[in-house]
Number of protein chains: 2
Amino acid sequence: MATHSTIRDVARSADVSLGTVSNYLSGKKPISDVMRGRIEAAIAELQFVPNAAVRVMQGGRSHVIAFIVPDSGNPFFLEVARGIEDFAIDNGHVVVTCNTEGDLERERHYAKALSEMRVGAVIAVASTSNELLLSTLQKSGVRVVTLGRQLPGGLFPTIAVDDLRGGFIAMSHVLERGHRRVAFLGAPDAESQIRERFAGCVAAYSDAGLDPAELLRVDADLNSPTARSAASRAILALEPRPTAVVCANDVIALALEAEAIRSGLRIPEDLAIVGYDDIEGAAIAPIPLTTVYQPRYDLGHRAAELALSENYPASTEPPFAPSLVVRTST
Amino acid sequence: MATHSTIRDVARSADVSLGTVSNYLSGKKPISDVMRGRIEAAIAELQFVPNAAVRVMQGGRSHVIAFIVPDSGNPFFLEVARGIEDFAIDNGHVVVTCNTEGDLERERHYAKALSEMRVGAVIAVASTSNELLLSTLQKSGVRVVTLGRQLPGGLFPTIAVDDLRGGFIAMSHVLERGHRRVAFLGAPDAESQIRERFAGCVAAYSDAGLDPAELLRVDADLNSPTARSAASRAILALEPRPTAVVCANDVIALALEAEAIRSGLRIPEDLAIVGYDDIEGAAIAPIPLTTVYQPRYDLGHRAAELALSENYPASTEPPFAPSLVVRTST
DNA sequence: GCTGTGAAATGAAATGGTTCACTTCTTGTC
DNA sequence: GACAAGAAGTGAACCATTTCATTTCACAGC
């Protein structure tokens, strides 16, 4: 494995000065066609590949965007990641997805690795656990953007979707369909997004002149398949059974749908279901799922744009608006 | 944003020489406790973070593993990625997932970026389109490992699963269940893995004393939801309808299941379905899916291990063995 | 007290691309 | 033909770390 050729080799081979080759590569200064031709020939001949590390060493930042996410397998984040990646590529960057799985040690590993790499930007799904690490990164000069919600202190620019409104339109929808005995299938309040969605549901419930205390609720660990199934069965076992269920996300909504089908219920006649997220599986489910769509691709795309923008940190943006996708399940 | 402090600042603040700080950081030479104490104090005080780029500039390679994949959203690759990531983290590396989406230009962008970054290793899902790029990378000193199948020429160490055997056990299973009119729901032969699976099916069909020419087959673009549904309907429209279908992967098997349920068929009585991959959705489908499990996490983990191993390139490994997961759908 | 030995510490040189003050060349104007 | 001004090209110095030949030091053995 021959050692790499350097800009000096290119300059010598093209009989041109160092600075001219550098100008050719960076495009910051114009150069003549003669020089350009000679340099290009030399680069091709020597198979020269510039060493990106040097720019970083000089005090620059590497063309890497880190995406810090608790569960990269979640279809929602996957789509966000696509948005980030597309923008990153168009701007000569590369994305490192850091899957923390909620593990603090893993978060620390990534924070250390990213600092040492001098990453250009970090886009992180907001959570209380990573707040400290993010502010450390920010202090060392990394552009940080949080996703989903504003972290207390307002330190970081944030791209969010209006979850309150999402919960509101989901609940309004089933109430308009005439349902009066409704349940919310969610997760413990740790996640503030879930809390917001539930709050939106409560608001819609009140607005319809109903008593929010009568709104049923079952919680589950959304990341566990067995917990999802168990919570779904718990919903179906409520006496009397709700006629409609608004779910915290599509993954658990689909679990509920599967359980309902298995126990012989007709959807939407016996049970209406509303999901949240509009993941791919929602449209191709046995009973296509009514759900709240979040512009997740745009979310990621916009976050990357903000992170790399000239005038970072910009003032925090107004949240994106979710919309209802009505399908068969209601 | 104060500029970063350097190893020189640390040396000065700790009243110690440059080299000693370097030795402390790398651990390559022992140093006394006195020095250690002074250095640690200085590092803490200055909030020093070493600049990883310099090591790379000195001719080393960055602690980055690139995972080149045509569709990072595919649950199969997600799990492979988890295996890679876990190994990477344990070895102080970080993973860049490069989602090519089969786009040649995108592949080229990544090849360029990865070369310039001097990535340490590349793990790529084998495809004919990336062969040239991979060999270019390898020539420039990057460790390349291909995944799924050996690329012609045998240039790269490979980690694979025995798809021939997978197809064989899937087909054997439905034949043992007594089915005699069987279809294969797959994709055009471009993907050699699908080809292998089909070949395994044909082998099992012959072994059972049946005429392989009678084995039905429908193909679809596996990446398109609408194509999957259309192909599923095509299977159900065959006259006479097959009593069992072996599918090229779980995603399309689930589409078939959904279509079958929608048209009122009972599974497995009217139609038995076997998938391939054992994705998460297979177990929680309305009718839990019988499928061929591939040790995908191990696949990724082993690939990363191979890529970073001392004695890369090792001789190519024997393929991993798939196994059948029997559930309700057969 | 002298020497030999090994451990620890030192700092100049090297790594490769960018920067910038400086030189050289070209073109236009009167 | 002289001169100004802008364009293009040059190369030494710089960035933050590692490497390694050299120096320093402590201590054991005689």
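None of the values given here were measured: they were computed from a predicted structure. Lettering of chains follows the sequences in order, A, B, ..., and the numbering in each one begins at 1.
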Colleague: So what does A:V21 touch, heavy atoms closer than 4.0 Å: a base, only the sugar-phosphate, or nothing?
Modeller: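 Nothing, no nucleic acid heavy atom in range.
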
Colleague: If each of B:R8 and B:R118 is mapped to the nucleotide of DNA chain C with the nearest heavy atom, which maps nearer the 5' terminus, i.e. the 5' end?
Modeller: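 Looking at the nearest nucleotide for each, B:R8 comes out on the 5' side.
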
Colleague: Less than 4.0 angstrom between a side-chain N/O of A:S17 and OP1 or OP2 of D:dT10, yes or no?
Modeller: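 Yes, because at least one side-chain N or O of A:S17 sits under 4.0 Å from OP1 or OP2 of D:dT10.
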
Colleague: Starting the side chain at C-beta, find the nucleotide from C:dT19, C:dG17, D:dG9 nearest to A:K28.
Modeller: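 Nucleotide nearest to A:K28's side chain: C:dT19.
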
Colleague: Under 3.5 Å, is there a donor-acceptor pair linking the side chains of A:Q294 and A:D277?
Modeller: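 Distance-only check passes for A:Q294 and A:D277.
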
Colleague: DNA chain C: A:S22 or B:V34, which has the more 5' nearest nucleotide?
Modeller: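 The answer here is B:V34.
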
Colleague: Using atom CD of A:E116 as one end and atom P of D:dA16 as the other, report the distance to the nearest whole Å.
Modeller: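 Whole-Å distance recorded here is 15 Å.
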
Colleague: Would you call the rings of A:F67 and A:F77 parallel, tilted or perpendicular, taking 30° and 60° as the class edges?
Modeller: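 A:F67 vs A:F77 ring planes: perpendicular.
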
Colleague: Base, sugar-phosphate, or nothing: which does B:Y24 touch, judged by heavy atoms less than 4.0 Å apart?
Modeller: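 No contact at all - B:Y24 keeps every heavy atom at 4.0 Å or more from the nucleic acid.
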
Colleague: Report yes or no: do A:Y110 and A:N99 form a side-chain donor-acceptor pair below 3.5 Å?
Modeller: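 Their side chains do not contain a donor-acceptor pair, so the 3.5 Å distance test is not met.
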
Colleague: When you match A:G19 and B:V49 each to their closest nucleotide on DNA chain D, which lands nearer the 5' end?
Modeller: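 It is A:G19 whose nearest nucleotide is closer to the 5' end.
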
Colleague: Tell me the interatomic distance from A:L25, atom CG, to C:dT19, atom P, rounded to whole angstroms.
Modeller: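 The answer, rounded to whole Å, is 12 Å.
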
Colleague: Rounded to whole angstrom units, what separation is found between the NZ atom of A:K29 and the P atom of D:dT10?
Modeller: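 Roughly 13 Å, once rounded to whole Å.
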
Colleague: Tell me which nucleotide among D:dA16, D:dG9, D:dG11 gets nearest to the side chain of B:T6.
Modeller: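 Per side-chain heavy atoms of B:T6, the pick is D:dA16.
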
Colleague: Could you state the atom-to-atom distance from CG of B:N51 to C1' of D:dC14 in whole Å?
Modeller: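 From B:N51 CG to D:dC14 C1': 14 Å.
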
Colleague: In whole Å, what is the span from the CG atom of A:D15 to the C1' atom of D:dG9?
Modeller: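 After rounding, the reported distance stands at 12 Å.
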
Colleague: Nearest to the B:F48 side chain among D:dA8, C:dA8, D:dT17, which nucleotide is it?
Modeller: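 Selected nucleotide: D:dT17.
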
Colleague: Expressed in angstrom and rounded to an integer, what is the separation of B:R12 atom CZ from C:dA9 atom C1'?
Modeller: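 Taking CZ of B:R12 and C1' of C:dA9, I get 18 Å after rounding.
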
Colleague: Please give, in whole Å, the distance from C:dA14 P to B:L18 CG?
Modeller: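 Interatomic distance, CG of B:L18 to P of C:dA14: 16 Å.
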
Colleague: With a 4.0 Å cut-off on heavy atoms, is A:I7 in touch with a base, just the backbone sugar-phosphate, or nothing at all?
Modeller: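 Result for A:I7 = base.
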
Colleague: Starting the side chain at C-beta, find the nucleotide from C:dT18, D:dT18, D:dT10 nearest to B:R55.
Modeller: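 Side chain of B:R55 sits closest to D:dT18.
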
Colleague: If I compare all heavy atoms of B:V161 with all of B:P295, which pair ends up nearest, and what's the gap?
Modeller: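 So the minimum-distance heavy-atom pair works out to CG2-CD, 4.3 Å.
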
Colleague: Which pair of non-hydrogen atoms, one from A:A88 and one from A:V95, has the smallest distance, and what is that distance?
Modeller: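 Nearest heavy atoms, A:A88 then A:V95: CB-CG2, 3.7 Å.
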
Colleague: Under 3.5 Å, is there any donor-acceptor pair linking the side chain of A:Q58 to the base of C:dT18?
Modeller: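 No, the side chain and the base share no sub-3.5 Å donor-acceptor pair.
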
Colleague: Contact class for A:S32 vs. all strands (heavy atom < 4.0 Å): base, sugar-phosphate, or nothing?
Modeller: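 Result for A:S32 = sugar-phosphate.
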
Colleague: Between B:E79 and B:R82, does any NZ, NE, NH1 or NH2 come within less than 4.0 Å of an OD or OE carboxylate oxygen?
Modeller: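 Yes, charged N to carboxylate O under 4.0 Å.
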
Colleague: Whole-Å distance between D:dT18 C1' and B:N23 CG?
Modeller: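 My rounded result for the distance is 9 Å.
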
